[in-house]
Chemist: 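One structure is given below, represented as structure tokens, and several questions about it will come after.
Hydrogens, waters and symmetry mates play no part in the numbers below; they use all other heavy atoms, side chains included. When a ligand or atom number is given, it counts from 1 through the structure's own listing order.
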Amino acid sequence: MEIEPDCSISVNLASGLMSGRRVGEIVRTLADLAGIFADEQARRSMPQEQPVYRVQSYTPVEEGVNGGLFWGVTFLYPGRVGDEYFMTKGHFHTIRNRAEYYVTVNGFGALILMEEDGSTRLDWMMPGTVHYIPGHTAHRVANTGSTTLSFLACWPSDAGHDYGVIAEHGFGGRVMCVNNAPALVPQS
Ligand SMILES: [Fe+2]
């Protein structure tokens, strides 16, 4: 179903923060991210209510509609679980060929991209970088800086989120702090 676009939606280009009555929001805490980080014992020892990231989204059409676009912003807080930087859950799109744009607003991080064969690479994120995420590519973001990393996103309304493959197999690499610097550490 097509919904009338709401012109009262706005985005603060300095912070990425969206406002408007049709803006939805979710927060992911450490409790929500069980099994995501390499050091599960470290994750369990931290305050479970601690937010790791917050996502605002604007969905002017129903989820699953072919031909529409969604818009969002993610605020990924600085921190680590053991030596691994705070990161998003990561997903493939349910319709695998659907692409997405990310645009970094503030902070520093790594966009972790994985092909369907498991090969994994990084795109470094800094204010102003534009990232085209092709179809058939899982994506996850790690905050490698000491301030909040915020990035805008635009994706097709029928893309969907498939978290299952990632929950089961993870990515082919993790962004860890190695000798005081972020590095992609391959995972077998
Ligand atoms: Fe996505």
Chemist: H91 and H139: side-chain donor and acceptor closer than 3.5 Å?
Modeler: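 Looking only at side-chain atoms, H139 and H91 do form a donor-acceptor pair, the distance falling under 3.5 Å.
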
Chemist: Of all heavy-atom pairs between E115 and F92, which one has the smallest distance, and what is that distance?
Modeler: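 Minimum heavy-atom contact is O-CZ, 4.2 Å.
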
Chemist: Round to 10° and report the angle made at the Fe ion (ligand 1) by NE2 of H93 and OE1 of E100.
Modeler: 90°

Chemist: Only N/O/S atoms count here: what is the atom of H91 closest to the Fe ion (ligand 1) called?
Modeler: NE2

Chemist: For N/O/S atoms only: which one belongs to H139 and is nearest the Fe ion (ligand 1)?
Modeler: NE2

Chemist: With a cut-off of 2.8 Å, does H161 put an N/O/S atom close enough to the Fe ion (ligand 1)?
Modeler: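 Given the 2.8 Å cut-off, H161 does not count as a ligand of the Fe ion (ligand 1).
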
Chemist: Is the distance from the ring center of F151 to that of Y102 below 6.0 Å?
Modeler: yes

Chemist: Cation-pi between R54 and F75: NZ/CZ under 6.0 Å from ring centre and within 45° of the ring axis?
Modeler: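 R54 over F75 ring: yes.
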
